[in-house]
Amino acid sequence: MSGGAQHDAILATEALPSETTRNPAVAVFEAVMEGAFRLSALALLAAAGVLTFGVVMGHLTGRGLLWQDEVTVFLISGAVFLSAASVQARRGHVAIDVLDHAFPYAKELRHGVVEAGILAFCLIFAWKSGMLLAEAVQEGQTSHSAWGPPLWIPYSVLTAGMALLALQMVLQVGRRSPWLLALVAAGVAAFLLATPPARPLISGLPHWVTGIAYSVVTLLVMFSGMPIAFALGVVALIFMLLFMPAASVDTIAQNFYEELANVIILAIPLFILKGATIGRSNAGKDLYSALHAWLHRIPGGLGVANTIACGLFAAMAGSSPATCSAIGSAGIPEMRARGYSPGFAAGIIAAGGTLGILLPPSVTMLLYAVAAEVSLGRLFLAGIGPGLLLITLFAGYSMVRYRHEYRRAELAAAAHGTHSALLADEHYSTGEKIRMVIWVAPFVTILAGVMVVLYAGWATPSETAGVGAVLALLVIGLMYGIWRPRLLMPILTGTLRESTMLLMIIGMSLLYAYVMSYLHISQSAADWIIGLSLSKWFLLAAILLFTMVLGFFLPPVSIILMTAPIILPPLKAAGFDLIWFGVVMTVVMEMGLIHPPVGLNIFVIKNIAPDIPLKDIIWGTIPFVLIMMAAVVLCSLFPGIATWLPSAVMN
């Protein structure tokens, strides 16, 4: 993938890279790795079942299951740990390859250094995980929950997963250069066996100097092409070694696990499972067809139907790439067949897909709620108003642009006799329209049911995610026959790939933020911003511009977790509602999804419509970026667009 980012987790194939080897040991390792990956995929299904069972039993017996949350944490975190090696083998992690495009020379050397850095980090991390496991066994450590299971259970899975990941990197680096592998192994062994210094190697530097160094090193490592998850972990480890007591390095595995062992964060894979379940079926195509049948009489009705379909599907799936893929695979060919220009058709789907991180349930908003320590329910409700505003603005632009293209088609027909498909008329009977609506009604029912369960207080967000995933699986099994293992397994493995990529970023981002906080970088940066005494709206504009620039390179998950400790305190001090800001920030991050150089949705569209030039896709998205900017201004002038609904429902 060209253009500044590598993001294969969503679009990756099921198979491992086609490198073959006759080495029996390697073949055994790959078989073990694949077995762990498929077992992990089933663990996600089991976690959804546990949460659904807990909700049912809670309503039947009047009390929750004591072990429900902890078992869910064990299953999902274990699935992520055990699948990390397989995802790495598939090159399924997000990376920024700016240096490859800017400086193509010495590319192989740079990749060798990057892989050596990942290997060193993985070896150290696996060793520290093993030490954590040994300590838990020796001391008989147990969880602090009411159930109190022994901690050697999750720590053993963490150790096994990190060992597999380290072995995968050994294989990867060894294939590149046995000498490089030997050098890294020797260096890591020397580090682990050496007596750590009693005091930090560097101390006494002003916080602003440490903060600048932290930022510069982060940018250099990220732009080197190292996957974001590993880049954040490597930077955190480097600054631990240089600026923190040696004992802090021993806690990296424990910090990583404890940050991820949050049942709210671990609801993310279940939301993704629900989206992947719907996205892998023909639900998107059927939803689009039903809307088109009812809206085709409106000028630009096909574009409007695609926009609304993206909004509805985004609310069901909670995933921007899934929305683009599911609606775009049907919508783009249909729009082009009916005379829409390729760039216009691509822009509608790319922009509509961004609604996946704004309309609930949104993975991005879930993480923001955790980082900002605000109500997830309120945040989800706050996203509905701006989401409907964007759908309306996108649809309005589609109608205006359609009229422009229609007039051009009429002029061409009058001047040259060229009859565009845009001028053709269509007809649907009332019976056809009703049958289409009835067919897609179960999916809309899932959406409504999940929202009712969440806001009626019948289930927690994680339980809602589990119930939604199970309901989606049941519906597509009954409607489309996707219940056989050979059809179901790709849904589970696709979910696991994306979930592992995201949760590895989240875990390492939280470790990165922990180091930043320990070194007082985030606190000093926040105090410095507050000390500037900027006007309220200038502060907001500067932060949103900063977020938009970050969105050119980083996915929303990384932006939230890396910037929240710095930008939220000044915003709170300035009197901004953090629920409102979370929505506005999400809209700004949506721009990054359709703006180069990363623009994930752009590359999703390019994948499903490879014959559309990348330049046309980018130009087709620019008007929608401007519309999003206008939406941010409207939400700033009229904050009630975001805040009215949560206040009305939850007060």
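Hydrogens, waters and symmetry mates play no part in the numbers below; they use all other heavy atoms, side chains included.
- A salt bridge links Arg90 with Glu34: at least one charged nitrogen is closer than 4.0 Å to a carboxylate oxygen.
- Ala47 and Ile76 get closest at one heavy-atom pair: CB-CG1, 3.6 Å.
- Here the OG atom belonging to Ser499 is positioned 6.0 Å from the CG atom belonging to Leu44, to the nearest 0.5 angstrom.
- In summary, the side chains of Glu463 and Gln68 do present a donor paired with an acceptor at a separation below 3.5 Å, with no hydrogens or angles considered.
- You'll find the side chain of Ile384 reaches within 4.5 Å of the side chain of Leu381, heavy atoms only.
- Residues Val71 and Trp147 form a side-chain contact, since some pair of their non-hydrogen atoms from C-beta on lies under 4.5 Å apart.
- Taken from OG1 in Thr52 to CG in Leu473, the straight-line distance is 9.5 Å, to the nearest 0.5 Å.
- At least one side-chain heavy atom of Val374 sits less than 4.5 Å from a side-chain heavy atom of Tyr368.
- Residues Gln141 and Trp152 form no side-chain contact, since every pair of their non-hydrogen atoms from C-beta on lies 4.5 Å or further apart.
- The CG atom of Leu273 sits 11.0 Å away from atom CD of Glu498, with the distance rounded to the nearest 0.5 Å.
- No side-chain heavy atom of Met504 sits less than 4.5 Å from a side-chain heavy atom of Val87.
- Note that CE of Met365 is 14.5 Å distant from CZ of Arg378, once rounded to the nearest 0.5 Å.
- Between Tyr512 and Tyr214, the distance from one ring center to the other falls under 6.0 angstrom.
- Side-chain atoms of Thr251 do not come within 3.5 Å of backbone N or O of Gln254 as any donor-acceptor pair.
- Looking at residues two or more places apart in sequence or on another chain, you find a side-chain contact (heavy atoms from CB on, under 4.5 Å) between Pro200 and Pro245.
- With hydrogens and angles disregarded, no donor-acceptor distance shorter than 3.5 Å links the side chain of Ser362 to the backbone of Leu359.
- What you find for Leu366 and Phe380 is that their closest heavy atoms are N-CE2, 4.3 Å.
- The two residues Ala166 and Leu123 have their closest heavy-atom pair at CB-CD2, 4.0 Å.
- In this structure, NZ in Lys572 is found 11.0 Å from CD1 in Ile530, a value given to the nearest 0.5 Å.
- Two residues are said to be in side-chain contact when any heavy atoms from C-beta on lie closer than 4.5 Å; Thr464 and Thr460 fail this criterion.
- Here the closest non-hydrogen pair linking Ile124 and Val188 is CG1-CG1, 4.0 Å.
- Counting only N and O atoms by type, the side chains of Ser83 and Thr500 include a donor and acceptor under 3.5 Å apart.
- What you find for Met516 and Pro565 is that their closest heavy atoms are CE-CG, 4.3 Å.
- In this structure, CZ in Phe256 is found 15.5 Å from OH in Tyr514, a value given to the nearest 0.5 Å.
- With contacts defined as side-chain heavy-atom distances shorter than 4.5 Å, the pair Val234/Met508 does not qualify.
- At distances below 3.5 Å, not a single donor-acceptor pair connects side-chain atoms of Thr142 with backbone N or O atoms of Gly148.
- Scanning both residues, Ile357 and Thr586, for their nearest heavy atoms gives O-CG2, 3.0 Å.
- The aromatic rings of Phe243 and Phe239 sit parallel to each other, their planes meeting at less than 30°, with 60° as the upper class boundary.
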